[in-house]
Amino acid sequence: MREILKIIQLTAFLLIYAQTLMAVITFSPSPPNIDQQVTFTVTHPDGISQGSVLWNFGDGTLPIWNNPTIFKVFERKGIYTVSASYRTLRNQDVMDTVSVTVVERRKVSFSPLYPIVNTPVTFRAENFISAVVDWDFGDGTFVTGGTSETHTYTSPGIYMVAAMDLISETIFTAAVRVSVKATGPGATFQIYFVQLRFDDGKSYKIVPKDFSPLHVYADIKYEGTGILRAQWMLDGAPLGIITRALPFARQITIDTSEIMSLPTITPGIHEVSLKVIEPPTENPIPAIRFYVALRKPEIEKVDLSLTKVTGLDKTEITINGDYIEAPAEKYFLLKGVVRSEVERNIPYVLMRVYLNNELVDQKMIENLKPNEKIEFETSIYNATPGLKRIYLTFYDISRKPPLLLSVRRYILQPKEKR
């Protein structure tokens, strides 16, 4: 009998313990910013009555009786222990706690990294709560605008730029120090444009196995005077470092011939990139690709033109040359036209769509006639922010081995939020 009683007591204890473990406090957003409304919710499998929860936010404010869901704004950054004490609908007393880290994420960023006079500088108010921001550019200019504003300085100097976030009649300020230099030989050494190409000016090339020489060129525009240190990369592996003293000028071209001819031993697609070590660069440099074919490629190709890029809600997305400006964490549609420049019918053409190195879609085009235009549509999910490359490749798969007809590259860049 005693053993049975012990089992019953142990079962009851484990049941109460399990129910306590199932009591959960959740909050959103995570982590919260100061001055940002945070939603707290406590749940229990036995249910909780409205108005029966004693909330303590651990920030020095008095505990408050309220509902299982409550809103809170923290005024200072830090780590707070939030507790909820209540009685369930089965008259069980429970207290649950959660640790909340409140951060101050407001900051002001700007580009280019090394501003010069009479050249626009773009300022961004990051992680601001309000969409309307008051700007003080430090040179006597005040603007009420959005979270991204452009300003041009006419005189060199050091300026303190402040952005003000108005929340419930309280002003919160983030600032950044900006050093604006004069133009000319005395300007800060900086690179503001790099573009890679092959000798024909294109960003892709098809060569037969063991082709030589094959070189990639980098057109570089810079300001000031300094030492350029850059590293050529092939398929993610270093090829060699270039060191060059750059006197005051506006543009220079370097190429891989200073190191070696690019190897064309392994068939398939290969990627060439340039990593600038000095001076620091603000934006990543888009890589280019070459395709090593098993035999000498024929002079055949398929032309592609994008007619429209839209979101799933039909909003149009900007195309600027080879650049597509699309928001992160959303799908978008590529719509375009394929035109064959091959002077024969192609029974089967395979179009493959790559996002960086990942195959995201492929489509079959049947009986493609010379100069015939065929419309196509494909969807791409832009999962994360940051620059990415979209490759559209076309193969004649009616031949063995398949013949690569053409490669078209686009740069996917993040859309600025306003």
Side-chain angles (χ1 to χ4, degrees), residues 26-33 36 38-39 101 103 105-107 109 111 122 124-129 131 146-148 194-196 203-204 233-237 268-276 281-289 291 304-336 338 350-364 375-395 407-418:
T26 58
F27 61 93
S28 178
S30 176
N33 203 16
Q36 185 176 29
V38 187
T39 302
T101 300
V103 298
R105 291 178 293 186
R106 287 188 186 91
K107 70 175 183 177
S109 61
S111 62
T122 299
R124 297 177 182 85
E126 300 181 17
N127 300 307
F128 274 43
I129 308 302
T147 55
S148 178
V194 180
Q195 179 172 289
L196 304 186
S203 60
Y204 67 90
M233 309 287 291
L234 175 63
D235 296 332
I269 295 179
H270 302 277
E271 184 174 88
V272 183
S273 59
L274 182 67
K275 179 182 179 182
V276 176
T281 54
E282 182 177 3
N283 297 315
I285 302 168
I288 61 176
R289 287 185 173 187
Y291 182 89
L304 172 141
S305 59
L306 288 182
T307 56
K308 184 180 289 188
V309 181
T310 63
L312 297 185
D313 57 357
K314 307 302 181 183
T315 56
E316 193 158 337
I317 292 174
T318 302
I319 310 175
N320 184 12
D322 289 339
Y323 287 80
I324 299 172
E325 188 178 277
E329 300 180 357
K330 287 188 178 181
Y331 283 93
F332 63 94
L333 301 175
L334 291 180
K335 299 180 181 180
V338 174
L350 179 65
M351 181 183 79
R352 286 188 164 185
V353 183
Y354 292 87
L355 185 60
N356 288 338
N357 293 320
E358 180 184 358
L359 178 65
V360 295
D361 195 10
Q362 58 182 8
K363 297 182 181 298
M364 183 78 70
E375 295 183 350
F376 76 91
E377 179 176 298
T378 185
S379 65
I380 292 179
Y381 181 61
N382 187 19
T384 59
L387 286 178
K388 303 179 184 69
R389 294 173 295 277
I390 299 174
Y391 291 96
L392 303 175
T393 60
F394 298 87
Y395 296 85
V407 178
R408 183 65 187 271
R409 183 205 69 179
Y410 290 91
I411 301 299
L412 178 61
Q413 61 185 8
K415 182 177 180 181
E416 294 292 342
K417 296 182 179 180
R418 292 194 59 113

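No experiment lies behind these values; they were computed from the predicted model shown.
Within the model, atoms OG1 of T378 and CZ of R352 stand 13.0 Å from one another, a figure rounded to the nearest 0.5 Å. In this structure, NZ in K330 is found 7.0 Å from OG1 in T315, a value given to the nearest 0.5 Å. Distance check: Q195 CD to I288 CD1 gives 9.0 Å after rounding to the nearest 0.5 Å. Interatomic distance, D361 CG to E377 CD, rounded to the nearest 0.5 Å: 10.0 Å. Within the model, atoms NZ of K275 and CD1 of I285 stand 11.0 Å from one another, a figure rounded to the nearest 0.5 Å. In this structure, N382 CG and K388 NZ are separated by 4.0 Å, a value rounded to the nearest 0.5 Å.
The backbone N or O of N33 lies less than 3.5 Å from no partner atom in the side chain of N127, so there is not a single donor-acceptor pair.
Of all non-hydrogen atoms in H270 and D235, the two that sit nearest each other are ND1-OD2, 2.8 Å. Of all non-hydrogen atoms in L359 and V353, the two that sit nearest each other are CD1-O, 3.4 Å. Of all heavy-atom pairs between Y354 and T393, the closest is CE1-OG1, 3.7 Å. In terms of heavy-atom proximity, P32 sits nearest to T101 at CD-O, 3.4 Å. In plain terms, the two heavy atoms of L196 and V272 that are nearest each other are CD1-O, 3.8 Å. The shortest heavy-atom contact between S379 and L333 is CB-CD2, 3.6 Å.
Ring geometry for Y381 against Y331 counts as tilted: the plane angle lies between 30° and 60°, on a 0 to 90° scale.
Not counting sequence neighbours, the partners of E271 by the salt bridge (charged side-chain N to carboxylate O under 4.0 Å, His left out) test are R289, R389. Qualifying ring pair (Phe, Tyr, Trp, His ring centres under 6.0 Å) partners for F27, counting only residues two or more places apart in sequence or in other chains: F40.
In this structure, F394 and V338 have side chains that are in contact, with non-hydrogen atoms separated by less than 4.5 Å. Contact of the L412 side chain with the F332 side chain is registered, since non-hydrogen atoms from C-beta on lie closer than 4.5 Å. Within the 4.5 Å cutoff, side-chain heavy atoms of I390 are placed close to those of L355. Between T122 and S148, some side-chain heavy-atom pair lies under the 4.5 Å cut-off.
At most 12 heavy atoms of other shown residues, nucleotides or ligands fall within 6.0 angstrom of atom NZ in K107.
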Task: Worked check of side chain to side chain contact (heavy atoms under 4.5 Å, CB included) between I129 and R106 - done: CA-CA 9 Å; I129 308 302; R106 287 188 186 91; 3.5 Å; yes
